[in-house]
Amino acid sequence: MVKVTLKDNSIREVEENSTIGELAAQISRNLAKDAIAAKVNGEVKDLAFKLKEDASVEILTLEDSQSLDVLRHSTAHLMAQAVQNLYPGTKLGIGPSIENGFYYDFDSEHVFTPDDLIAIESEMKKIVKENYPYQRKEVSRSEAIEFFGGLGEKYKVELIEDLPEGVTISMYTQGNFTDLCVGPHVPSTGSLKVFKLLNVAGAYWRGSEKNKMLQRIYGTAFSKQADLDEYLFKLEEAKRRDHRKLGLELDLFSLHEEGPGFPFFHPKGMVLRNQLEDFWRQEHRRRGYHEIKTPIILNRVLWEQSGHWAHYKENMYFTEIDDQDFAVKPMNCPGGMIMYKTKLRSYRDLPLRAGELGLVHRHELSGALHGLLRVRNFTQDDAHIFMLPSQIKDEIIGVIELVDRFYKIFGFEYHVELSTRPEDSMGSDEAWELATNALQEALEEKGLEYKINPGDGAFYGPKIDFHLRDCLGRTWQCGTIQLDFQMPEKFDLTYIGEDGQKHRPVMIHRVIYGSIERFIALLTEHYAGAFPTWLAPVQVRILPISERHHDYAKDVLNRLNELDIRAEMDERREKINYKIREAQTEKIPFALVVGDQEAETDTVAVRRYGQGNSGEKMSVKDFISLVEDEIKSKKRIN
RNA sequence: GCUGGUGUGGCGCAGUGGUAGCGCAAUUGAUUCGUAAUCAAUAGGCCAGGGGUUCAAAUCCCCUCACCAGCUCCA
C-alpha cells in the first residue's frame with residue numbers, strides 16, 4: 001500500500017500501482033467523473049499515472065486553473081488530429097499550450113486559410129464525440145524514431161534525435177493519431193468541449209529564419225463556454241484601446257505611406273511628448289544628470305571605431321557628404337564618447353551622467369513595423385554614465401530605482417529581464433562576465449525578480465531590460481540598462497585617478513522610457529486614451545450654454561490659461577448635450593458647463609470625464625486648485 | 001525579410017464583369033438650447049499604384065507599395 005496525502009491534508013491508502021483515476025474513484029464518484037489531471041508532488045500528471053510510492057496528490061478538475069494548460073495542450077493534439085484527417089500528408093511541428101491558448105505548427109502542401117479553420121473545428125467536434133482516450137506509451141529512442149520515421153514525420157524524428165540522453169520518451173495516442181509528447185493529457189477527447197481556432201500565421205521551424213517556414217494555427221480552449229465568451233469579449237475590448245485606433249481618433253499622431261515607420265506627431269501628440277520630456281528633464285536634473293545634444297549624422301570613421309559598422313550596419317541608414325561616407329545615428333553613444341573626450345576628466349568628475357533626448361534611425365524589417373510601438377525613427381531618453389569601476393553597482397541601482405519611480409507614476413506593471421552576450425558581439429569573455437555579474441548583483445541587491453534572456457544583449461554589453469505590456473498582452477522592451485566596457489576602450493576614454501595616472505572609466509547606457517514613441521503608445525493603451533490631467537492634451541473644455549454666456553466663459557478661459565492650464569472653449573452654436581458628448585468622446589478630463597447660474601456666482605459646473613453626473617458646482621478658484629493639485633501630483637484616475 | 005490576409009470619400013463599411021453607394025465626420029443655412037447626438041441642404045472617391053485580359057474591370061490575372069496577424073529581429 002502507498003500513502004497518499006490529499007489537498008485537505010487527509011491521508012488515504014491505496015494499492016501500489018493504483019492510478020490517479022482509481023484514487024479519484026475511491027474518493028467520490030463525482031470526482032472520478034470530473035477529474036482531468038492531478039498534481040503529484042507538485043508535478044502535473046495524467047489520470048493514468050501510477051502511484052508507486054507515498055506522495056501528495058491534488059486532483060485537478062476543469063475548475064482548477066492549473067488544468068487549463070493540460071486542457072489546451074490536449075486541444076492542440078485534437079486539432080492536429082483533425083488537420084491530419086482533413087489534409088493527409090500534413091507533417092507535424094510542435095504544438096504547445098501558451099499563455100492564452102495553444103498553437104500547432106504544420107508543414108502541409110495545403111495552404112490553410114481562415115475558412116479552413118471552420119472545417120477543422122467541425123472535424124475536432126466530431127473527434128470529441130467519438131471520445132478517444134489519450135493513451136500514454138513510453139518507448140525507447142530507437143522505437144520512437146522508427147515509429148515517427150515510418151510515418152514520415154521528419155520534424156518529430158529531428159526532435160527525438162536532439163533529446164538528451166536518459167530522458168523518458170513518451171507518445172500519446174488518441175484514436176488514429178499519435179504524437180510525441182511528455183504530457184500530461186486529459187483522459188479522453190470527450191473532455192474537450194470549449195475551444196475556438198483563432199488565426200493562421202507563418203512560423204519558422206525551431207524559430208530560426210534559416211529553416212523552413214511552417215504554418216501555425218492558433219486557438220484557445222477553456223473549461224466553460226462563459227470563459228471563452230469572456231476571453232473573446234476582452235479581445236474585442238482590447239482592440240478598442242489600440243493606440244493606432246486611439247491615436248487617430250484623438251488626433252495624436254499619424255503614419256503615412258510616404259514614410260513607413262516614420263511617425264508624424266500632431267499638436268495633441270506633441271503635448272504628450274512635451275509633458276513626458278519636461279518631467280524627464282526635471283527628474284534627471286535632480287539626480288545630477290546634464291543634458292546634451294549630439295548630431296544625427298556623423299562620419300563613417302566614427303561608426304567604424306565604435307563597432308557599429310561591423311556589428312550594426314544592417315540596421316543603419318547611410319548618406320554621402322562631399323564624397324565622404326556618413327551614417328545616420330542608430331544610437332547616441334558614439335556622440336556621447338566624443339563629448340566625454342572634449343576635456344581631461346578627473347576621478348572627481350565621476351560619475352558623469354550625460355543625458356540626451358536623441359533621435360535615432362534604425363532600418364527595421366518592414367514586417368516588424370507596428371504603429372508607434374515599432375518604428376524606424378524614435379527618440380531615446382538616453383543617458384551615458386561614465387564612472388569608476390567602484391561606482392558601478394551604485395549607479396546601476398540608481399537607474400533601477402529611477403525606472404521604478406517613473407513606471408509607478410504611470411501605474412505600469414513591468415517585468416525585468418537580463419540579456420546576456422549575443423553571438424555577434426565584441427570584447428573579451430572576462431569583460432562580459434564581469435559586466436553580467438555586476439548587473440546581476442544589482443538586481444539581487446534590489447530583490448528584483450528577473451528572467452534571463454540568453455544571447456539578447458547589445459553587441460557591446462549585457463543589459464537589464466524593463467518590459468511593459470500592450471493592450472493585447474504583448475510585451476515591449478522599454479527601459480534598459482547596459483553595462484559597457486568596450487566603448488571606453490574603443491574610444492580610449494580616460495580619467496586621471498588619485499594617483500595622477502590615466503585610468504579607463506566604465507560606462508552605462510540607459511533609457512527610462514526607452515523610446516518616447518513606444519512609451520506614448522503604451523500609455524495610450526494603458527489609459528485607453530483617457531490620460532491623467534497632467535498629460536491630457538486638453539485638460540479643460542469650457543462649454544457655454546448659449547452665446548450670451550461667452551463673455552463669462554472667455555473670462556474663465558483666460559484665468560485658466562494664465563495659470564498654464566490647457567483649456568479651450570466650445571463656441572459653437574450647439575446644444576449643451578452635443579458639446580458634452582464631444583468633450584466626452586475626446587476624453588477631456590474636465591468639461592465645465594457655464595450658464596446664467598455660473599456667470600452670476602463666478603462658479604463652474606464641473607463634469608469629470610467618464611462620470612455621468614450632472615456636474616458639481618464649484619467656484620472658479622476651487623476648480624483651479626483642484627486641477628492644479630491633480631497636475632502637480634500627477635494623479636491617476638484609472 | 002518570411003507566411004497568410006486586407007486595401008473603396010477624413011473615419012467605419014456595402015458593392016463579384018455593365019454609368020460608384022450608406023452611416024458618421026466636414027461645409028452652409030436655420031435653431032440660443034442646463035449634462036452623451038437639433039433640422040435641412042451641399043460638397044467630397046482615377047475604388048492603394050502600375051501593367052494585362054475584355055466591347056466593358058472596384059470586381060478576373062500579374063507586378064509593386066502600404067497596412068493587419070504571426071515568425072524573425074528589436075527601444
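Numbered from 1 within each chain, the chains take letters A, B, ... in sequence-line order.
A:Y218 comes within 4.0 angstrom of sugar-phosphate atoms only, judged by non-hydrogen atoms across all strands, and of no base. The residue A:E598 sits close to a base: some heavy atom pair falls under 4.0 Å. Across all strands shown, A:V511 has no heavy atoms under 4.0 Å from either base or sugar-phosphate atoms. Counting non-hydrogen atoms under 4.0 angstrom, A:E582 reaches nothing in the nucleic acid. Among the atoms of the strands shown, none is found under 4.0 Å from any heavy atom of A:Q215. Nucleic acid contact class of A:V375 (heavy atoms, under 4.0 Å, all strands): base. Nucleic acid contact class of A:K463 (heavy atoms, under 4.0 Å, all strands): sugar-phosphate only. Contacts of A:D596 with the nucleic acid, taken as non-hydrogen atoms under 4.0 Å apart, include base atoms. The residue A:A591 sits apart from the nucleic acid: no heavy atom pair falls under 4.0 Å.
Comparing A:H256 and A:R607 by the nucleotide of RNA chain B that holds the closest heavy atom to each, the one mapping nearer the 5' end is A:R607. Residue whose closest nucleotide on RNA chain B sits further toward the 5' end, between A:A203 and A:G261: A:G261.
For the residue pair A:R216 and A:Y218, a side-chain donor N or O sits within less than 3.5 Å of a side-chain acceptor on the partner. Side-chain polar atoms of A:S108 and A:Q215 form no donor-acceptor pair below 3.5 angstrom.
Checked against B:A69, B:G1, B:C65, the side chain of A:A201 finds its nearest nucleotide in B:A69. Nearest nucleotide to the side chain of A:E257, out of B:G7, B:C33, B:A36: B:G7. When distances run from any side-chain atom of A:S546 to the nucleotides B:U32, B:A36, B:G4, the shortest one goes to B:U32. Nearest to the side chain of A:P260, among B:U35, B:A66, B:A75, sits B:A66. Side-chain proximity of A:N577 to the nucleotides B:A75, B:C33, B:U35 is greatest for B:U35.
Aromatic ring orientation, A:W303 versus A:H308: perpendicular (interplanar angle above 60°, classes split at 30° and 60°).
Judged by distance alone with a 3.5 Å cut-off, no donor-acceptor contact links the side chain of A:E249 to the base of B:G12. Side-chain atoms of A:Y204 stay outside donor-acceptor range of the base of B:G70, with no qualifying N/O pair under 3.5 Å.
Under the 6.0 Å distance and 45° angle rule, A:R273 counts as a cation-pi partner of A:F265. Taking the ring centre of A:F222 as origin, the terminal cationic atom of A:R72 falls inside the region bounded by 6.0 Å and 45° from the ring axis.
The shortest distance between the side-chain N/O atoms of A:H370 and the OP1/OP2 oxygens of B:A69 is below 4.0 Å. Checking the phosphate oxygens (OP1, OP2) of B:C2, no side-chain nitrogen or oxygen of A:K210 falls inside 4.0 Å. Listed pair A:T480 / B:A75 fails the phosphate criterion, with no side-chain N or O lying under 4.0 Å from OP1 or OP2. A sub-4.0 Å separation between OP1 or OP2 of B:C33 and a side-chain N or O of A:R548 is present. At B:C11, none of the side-chain N or O atoms of A:R244 fall inside 4.0 Å of OP1 or OP2 (strictly under the cut-off). For the pair A:Q477 and B:C74, the criterion of a side-chain N or O lying under 4.0 Å from OP1 or OP2 is not met. Residue A:R518 has no polar side-chain atom (N or O) positioned under 4.0 Å from OP1 or OP2 of B:C74. Note on A:R206: every side-chain N or O is 4.0 Å or more away from OP1 and OP2 of B:C71. Close to B:G70, at under 4.0 Å from its OP1 or OP2, lies a side-chain N or O of A:R474.
Rounded to whole Å, the C1' atom of B:A26 lies 39 Å from the corresponding atom of B:C62. Atom name C1', nucleotides B:G5 and B:A48: the rounded distance is 16 Å, in whole Å. Here the separation of B:A37 from B:C74, taken at their C1' atoms, is 44 Å to the nearest Å. Straight-line distance between the C1' atoms of B:C13 and B:C47: roughly 14 Å, to the nearest whole Å. Separating the C1' atom of B:G49 from that of B:A40 is a span of 40 Å, rounded to the nearest Å. Between B:A25 and B:A66, the distance separating the two P atoms is 34 Å to the nearest Å. When the C1' atom is used for both B:G7 and B:C46, the distance is 16 Å, rounded to whole Å. Taking atom P in both B:C63 and B:C71, one finds a spacing of 27 Å when rounded to whole Å.
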Stepwise side chain to side chain contact (heavy atoms under 4.5 Å, CB included) test for A:F519 and A:D381: CA-CA 11 Å; A:F519 204 80; A:D381 61 318; over 6 Å; no
Stepwise side chain to side chain contact (heavy atoms under 4.5 Å, CB included) check, A:I452 with A:T420: CA-CA 8 Å; A:I452 295 201; A:T420 58; 4.2 Å; yes
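Using the Watson-Crick or G-U wobble rule with both distances under 3.5 Å, B:A40 pairs with B:U28.
Computed from coordinates, the A:W476 CH2 to B:G70 P distance equals 8 Å when rounded to whole Å.
A donor-acceptor distance shorter than 3.5 angstrom exists from the side chain of A:E153 to the backbone of A:L92, with no hydrogens or angles considered.
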